[in-house]
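The structure appears below as structure tokens.
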Amino acid sequence: MTNAFKYLLVGALALTLPASAVSAQTKVGLLLPKSGNYAALGEEIDAGFVMALEEAGLADQFTIIREDTEVKPPVGVAKIRKLVLQDEVDVVVGIVSSGVLGAVRDFVDGSKVPLIVANAGNDHATGSACSKYIVRVSFSNGQINRPMGPWMFEQGIRKVYTLAPDYAAGRQMIDTFTKSFSAAGGEIVGSEFTPFGKTQDFGPYLTNAKSANPDAIFVFYAGGEAISFVKQYDSFGLKADIPLFGSGFLTSPLYVNAEGPAAVGVKTALHYVPTLDTPENKTFVGAYQAKFDRPPSEYTVQGYDSGRVLIEAVKSGASDRESIASALPKVKYTGPRGPLEINPATNNVVQNIYIYETVADGDALTQKVIATVENVKDPVNGCVMQ
Ligand code: BEZ
């Protein structure tokens, strides 16, 4: 539709509809992977986002335009440019990969469009490269992994070997864990990064890890790579001798049943598990289970909370890019994951981190919370919010 025709149409509608109904329409660009290694994560975030709008009875007040990043930074840049410049969205929601977030950061900041990050943990986006227009409701790579260093040391683990995919998220997650484990007194006895999205055979990496003779192995893998890694860890015989730890995406409820018994006993950290025993979470899990016949995951909650913070911002009177960007960091509530607020010094979420063990529950696998670290807030990390 041409812009001239669009303005004529809006003008005509304004004559027939109450002004509030027209001005309340918010155009959302939902920018998620719908193909590639993280496609299932994107679908789950999308479902959570729509669930928040439907639950609030506001689905018809938001127009959603969907684009696929394919988990490729240049594609992410092309798609966000299209959403902002051609579709003229009021707000962008999404981004799963830290690599894509790093690539779109300057365009978001320069075009002054609010971006609600619904997954990508890239530390720089709420650190040295922070922006008034980037608000993250998911997690940062540092936030998830920092508590695991001292906690593993307290469990008597002294020597750790690390593995992760070779891109921004893998590097940052391992970097934070390495620092926090070393600061607690532990030693990293070896580390490797596997080609991202291309490694099907983890055998050579697992052989190297085993020969370093660690007390434990700590990893970050997500999506299809997590399923392959956990299964091969067991089938190559490491599970019997060396306990496996990591960031909780490794054994996400989204795909843990595809990992099967290989995942039992793995201990990881995350900002949400569906087994949290709170009234807010029970209501959320019940509603999701009724709709999809399976428990929600951290990805669902990230999409859901992206929807909720946007709704809260719009309800507070925000209607255009600038007012939405200003309203988002003020939103605060207790939801399925527990208390949630945005630190205005970084625009990153402040939240609990749960350390959980994957355990068998009949034929299925579930999450047993073994420690909670409350209100984890990132350091400012060089952020100067303008
Ligand atoms: C990331 O690239 O930031 C990421 C992807 C999947 C799960 C967690 C983090």
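Order of appearance sets the numbers: ligands from 1, and atoms from 1 within every ligand. FYI, the numbering just counts along the sequence from 1.
Here CZ of Phe62 is found 10.0 Å from CG of Asp60. Values are rounded to the nearest 0.5 Å.
Put simply, the side chain of Leu270 does not reach to within 4.5 Å of the side chain of Phe139, judged on heavy atoms.
Of the charged side-chain nitrogens involved, at least one lies within less than 4.0 Å of a carboxylate oxygen, so that Glu43 and Lys34 count as a salt-bridged pair. Salt-bridge check for Glu322 with Lys132: passed, with a basic side-chain N closer than 4.0 Å to an acidic carboxylate O.
Contacts between Asn119 and ligand 1, counted as non-hydrogen atom pairs separated by less than 4.0 Å, involve the side chain only. By the criterion of a heavy-atom distance under 4.0 Å, the side chain of Phe139, and not its backbone, is placed next to ligand 1.
Atom NZ of Lys291 sits in a crowded spot, with more than 12 heavy atoms from other residues, nucleotides or ligands closer than 6.0 Å.
Annotation: Tyr167 places an N or O atom under 3.5 Å from an N or O atom of ligand 1; distance criterion only. The shortest N/O to N/O separation between Gly121 and ligand 1 falls below 3.5 Å. Residue Tyr299 places no N or O, backbone or side chain, under 3.5 Å from any N or O of ligand 1.
Close approach of ligand 1 to Ala222 is summarised as follows: ligand atoms under 4.0 Å from at least one heavy atom of the residue are 6 (C), 7 (C). Counting the atoms of ligand 1 from 1 in the order shown, those under 4.0 Å from a heavy atom of Ala120 are 3 (O). Residue Ala169 approaches ligand 1 through these ligand atoms, each under 4.0 Å from one of its heavy atoms: 1 (C), 2 (O), 3 (O). Within the listing of ligand 1, atoms 1 (C), 2 (O), 3 (O), 4 (C), 5 (C) sit less than 4.0 angstrom from a heavy atom of Val96.
Minimum heavy-atom separation, Ala269 to Ile353: CB-CG2, 4.0 Å.
Under the salt bridge (Lys or Arg N to Asp or Glu O under 4.0 Å) criterion, the residue pairs touching residues 147-174 are Asp166-Arg171, with sequence neighbours excluded.
Protein heavy atom in closest approach to atom 3 (O) of ligand 1: Ser98 OG, 2.6 Å.
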